[in-house]
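FYI, side chains are in, hydrogens and waters are out, and symmetry mates aren't considered; it's all heavy atoms of this structure. Order of the sequence lines sets the chain letters (A, B, ...), proteins ahead of strands, with each chain counted from 1. Everything numeric here is computed off the predicted structure, so don't read it as measured data.
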Amino acid sequence: MTTHEVRLGASFYPDAVVIVVIHRLSHRAGIAPRREGDELILTIVPRTGHNDDDLVPDLLQLLSDEALRQKLDAKTTGIRALIMAQLFSDVTLTRPGLDGDPPGFSGSM
Amino acid sequence: MSSWYRLLPFQMDRMQSGHYLCSSIAGDHVILQRETLCSVIDGTLPREHQDAQDLMAGLFLSTDGGHAEVDLLATRLRTRLHERRSLASLHIVVATLRCANACGYCQVSRVHPEARGKDLSDDNADRTADLIMSCPSSRIKVEFQGGEALLNMPVVQRIVERCDAAAAFSGKLVSYVIATSLSHLTDANLDFFAARQVHISTSLDGPQWLHDRNRPSPTGSGWLTTVAGIERCRRRLGHDCVSALMTTARTSLAHADAIVDQYQELGFHSIFLRWLNPFGDAVRHRQRLSYTALEWLTFWQRALDRVLSWNDRGYPMREEFTCLLLRRMLSPHPAGFVDLDSPTGSGTSVLVYNYDGSIYVSDEGRMLAEIGDQTFRLGHVQTHTYAQIMDNPTLRNMVSATMLETTPRCDRCACLPWCGVDPVVNHATQGDIRGCRPTSDHCQRMEGAFHYVVGLLRGPHRDLLLSWAAG
């Protein structure tokens with residue numbers, strides 16, 4: 001059985017990134033992660049027919065992309081939630097004053 | 001150092017070229033180099049950067065704190081979802097399972113033309129028509145399928161007449177399509193189609209040798225019969241009242257140019273390059289017929305390039321799958337194609353009425369029932385109202401499971417705003433209506449197709465493709 005082992009700097013790739021990439025590559029390989037000190041060690045067992053030269057480079061590319069994607073998510077999660085809330089809201093959530101009664105008018109009139 | 005812009009949420013994926021496809025949650029897209037993408041996310045993109053204008057126009061960046069952009073993105077997303085509220089506008093009626101052809105990839109388990117008990121009865125036909133006309137859509141399309149629908153023409157006529165009578169009262173617009181091999185076409189059929197404006201949809205897999213190999217007919221060449229039938233229909237009904245669909249078998253993969261050229265030679269101005277679905281005989285004959293998503297993508301790209309080359313030579317021609325992709329990418333309207341609906345269009349925009357009166361969420365759901373899996377049966381025309389069908393727990397579960405925004409992998413895919421999912425195919429191929437993206441042929445096919453079209457939109461055929469999106 002052919003296996004590959006990839007050692008990376010643990011601090012660059014949090015678990016959330018590694019798990020997503022393992023899921024994305026699950027049709028090509030089983031990947032077992034473990035952390036030893038400052039290292040992230042990925043043991044890769046290719047599926048039959050997927051032991052190609054691109055597997056490890058693709059893994060590294062996906063890790064890099066996912067780290068970038070999660071950085072983007074961290075910066076935009078709040079505003080994404082606000083857009084979704086606004087989508088289903090009958091009033092504006094971004095400028096609440098616009099939904100109030102104009103000056104001189106009362107809600108009880 | 002504070003940035004001159006605020007980052008708005010978007011999805012991104014690396015393309016084969018090494019560039020990154022980025023899509024806003026409203027569906028606009030840009031293509032960026034990696035270093036540009038990194039600086040965008042880091043907040044260090046210079047104001048004068050060549051991509052800055054497109055990023056602001058596409059609602060990837062905001063310069064005023066984001067209030068206006070939040071409102072705009074929410075409004076555009078609401079518009080996209082609002083379009084999905086048009087319930088069940090396509091109603092597929094299986095007039096009979098009987099058919100003389102022996103297509104290797106038949107998805108409906110057809111039966112012999114002399115078989116009994118496989119026709120839609122008059123009683124069930126009447127109830128079917130009543131159910132169709134009770135749905136709330138103001139525009140309704142009724143599509144008759146088989147087997148060979150022409151083998152039960154009295155029921156086709158009965159449903160058309162009953163729907164037309166109801167439409168005259170309700171004001172709804174009803175259109176009709178009949179899917180047929182044209183092998184049993186009579187002048188009386190044509191008179192009826194002309195009188196009731198019934199559109200013809202037939203199957204044509206390409207050159208004669210390929211079509212006849214895929215679709216063996218007991219009467220000799222099915223291709224000759226179909227081509228002669230197309231001519232008769234065009235003469236009687238008009239050139240545009242006949243369309244043809246091709247299904248890609250393994251044999252077809254190496255003949256993309258010949259297939260497109262055959263359509264051109266027969267005077268068609270559109271072709272729909274369809275892949276094989278994993279149902280019916282297509283499963284039984286998998287070894288001989290099937291292929292990978294990647295093999296189909298290669299075939300489709302080659303054939304699409306051929307279609308574009310015919311346009312370059314002055315012959316207007318469209319590829320219908322590409323039109324659906326473009327419509328999803330460039331407009332808020334649903335494609336009218338269940339593979340591109342989120343949440344699912346199976347059962348919500350399409351309903352299928354089988355020959356025995358059973359109602360299914362889609363043609364694929366009906367195909368599964370033919371091999372004993374009744375998961376997607378919603379009821380029966382004699383016992384269920386339209387409201388009861390729509391309130392079916394299976395259907396509600398399907399809808400809630402197919403919002404791509406809540407699906408792992410899809411939720412951050414660059415194709416998220418454009419893509420869709422068919423829970424019936426997921427169930428058939430992966431045993432679960434939600435499905436698993438890394439092992440999904442659908443995912444690989446759609447992602448590859450969207451990325452290819454994005455590339456084409458940056459090339460010399462951009463204006464032509466924009467006209468395809470417009471319809």
>> Could you check whether any side-chain N or O of B:Y5 sits under 3.5 Å from a backbone N or O of B:A52, counting only pairs where one atom can act as donor and the other as acceptor?
In response: no
>> Which heavy atom of B:P417 sits nearest to which heavy atom of B:R80, and what is that distance?
In response: O-NH1, 2.8 Å
>> For B:E35, I'd like to know if atom CD has over 12 heavy atoms of other residues, nucleotides or ligands within 6.0 Å.
In response: yes
> Does any non-hydrogen side-chain atom of B:M329 lie less than 4.5 Å from one of B:V454?
Replying inline: yes
> What residues of residues 4-24 of chain A sit under 4.5 Å from chain B when only non-hydrogen atoms are counted?
Replying inline: A:H23, A:R24
> In terms of side-chain geometry, is the basic nitrogen of B:R409 or B:D13 positioned less than 4.0 Å from the acidic oxygen of its partner?
Replying inline: yes
> chain A heavy atoms under 4.5 Å from B:R76: which part of the residue, side chain, backbone, both or neither?
Replying inline: neither
>> Quick check for you: among A:K71, A:Q61, A:R69, A:R80, which has the greatest number of heavy-atom pairs under 4.5 Å with chain B?
In response: A:R80
> Does A:R47 use its side chain to pair, donor to acceptor, with the backbone of A:S26 at less than 3.5 Å?
Replying inline: yes
>> Salt bridge check, B:E447 against B:R437: does any charged N sit closer than 4.0 Å to a carboxylate O?
In response: no
>> One thing to verify: whether A:E66 and B:R412 come together as a salt bridge, which I'm taking to mean a side-chain N less than 4.0 angstrom from a carboxylate O.
In response: no
> Measuring heavy-atom distances to chain B, does A:S89 have an atom under 4.5 Å in its side chain, in its backbone, in both, or in neither?
Replying inline: backbone
>> Is B:Y20 in contact with chain A via its backbone, its side chain, both, or neither, using a 4.5 Å heavy-atom distance?
In response: side chain
> Given a strict heavy-atom distance threshold of 4.5 Å, which part of B:I25 is in contact with chain A: side chain, backbone, both, or neither?
Replying inline: side chain
